[in-house]
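One structure below.
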Amino acid sequence: QLQLVESGGGLVQPGGSLRLSCTASRATLDDNAIGWFRQTPGRRQQGVSCIFGRDSRSRYGDDVKGRFFISRDDAGNTVYLQMNNLRPDDTGVYSCARSNRIDCRYFPAAGDFNSWGPGTQVTVSS
């Protein structure tokens, strides 16, 4: 069974940057769309970003457009989320997930994502 693991979270000051990584055991991450989602206190789960399978096309949630960037390494083993100009309301648990689709057609909805990592905490505070 596919297991996803996130890393790269931590504490950062407003305006700072972090890069999250999503890796898989016993599989690569280039055949299906991969998404990043976040759970923030008091809010519903939000879709942050999605990258197409076998492609570099991507989608972003409205709150992060122009600040966050998703990418996949050449080997297809890792999906990154580069987060710039972080704000306190970006604080939350960030999880990556694999879709059962090759595209991000229904993103930011999470219904097509069926394999999830445990998440990594991102805290933006001064």
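Counting begins at 1 with the first residue of the sequence.
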Decide side chain to side chain contact (heavy atoms under 4.5 Å, CB included) for L4 and L29; before the verdict, give the C-alpha distance in whole Å, the side-chain angles of both, and the deciding distance to 0.1 Å.
CA-CA 10 Å; L4 301 178; L29 298 179; 3.7 Å; yes
Shared hydrophobic cluster for F113 and V48 (ILVMFWY, side-chain gaps under 4.5 Å):
no
Is any side-chain heavy atom of S17 closer than 4.5 Å to one of V12?
no
In plain terms, say whether R54 and D30 are close enough for a salt bridge, that is, a side-chain N and a carboxylate O under 4.0 Å apart.
no
Would R59 and F107 count as a cation-pi pair here, with the cationic atom under 6.0 angstrom from the ring centre and within 45° of the axis?
no
Show, in sequence, the C-alpha distance, side-chain angles and deciding distance for S21 and V79, and conclude whether the side chain to side chain contact (heavy atoms under 4.5 Å, CB included) test is met.
CA-CA 6 Å; S21 299; V79 172; over 6 Å; no
Indicate whether the side chain of D112 and that of S99 have a donor and an acceptor atom separated by less than 3.5 Å.
no
Can any side-chain N or O of T123 pair as donor or acceptor with the backbone N or O of T91 at less than 3.5 Å?
no
If I compare all heavy atoms of S95 with all of E6, which pair ends up nearest, and what's the gap?
CA-OE2, 3.2 Å
So do the side chains of T40 and D89 get within less than 4.5 Å of each other, counting heavy atoms only?
no
Go through the structure and list residues passing ring pair (Phe, Tyr, Trp, His ring centres under 6.0 Å) with Y94, not counting sequence neighbours.
none
Where the side chain of R72 meets the backbone of D55, is there a donor-acceptor pair that is under 3.5 Å apart?
yes
Which residue pairs pass the side-chain hydrogen bond (donor to acceptor under 3.5 Å, both in side chains) test with at least one member in residues 101-110, sequence neighbours excluded?
R101-D103
Is I51 reachable from F69 through a run of I, L, V, M, F, W or Y residues, each pair having side-chain heavy atoms under 4.5 Å apart?
yes
Centroid separation under 6.0 Å, is that true for the rings of F68 and W36?
no
With salt bridge (Lys or Arg N to Asp or Glu O under 4.0 Å) as the rule and sequence neighbours excluded, what pairs involving residues 32-41 come up?
R38-D63, R38-D90
Kindly say whether T78 contributes a backbone atom to a donor-acceptor pair with the side chain of D73 at under 3.5 angstrom?
yes
Please evaluate residues Q39 and R44 with respect to the criterion side chain to side chain contact (heavy atoms under 4.5 Å, CB included), reporting the C-alpha separation (whole Å), side-chain torsions for both, the decisive distance (0.1 Å), and the verdict.
CA-CA 7 Å; Q39 184 69 56; R44 294 171 57 183; 5.7 Å; no
Separation of C22 SG from I70 CD1 (nearest 0.5 Å)
8.5 Å
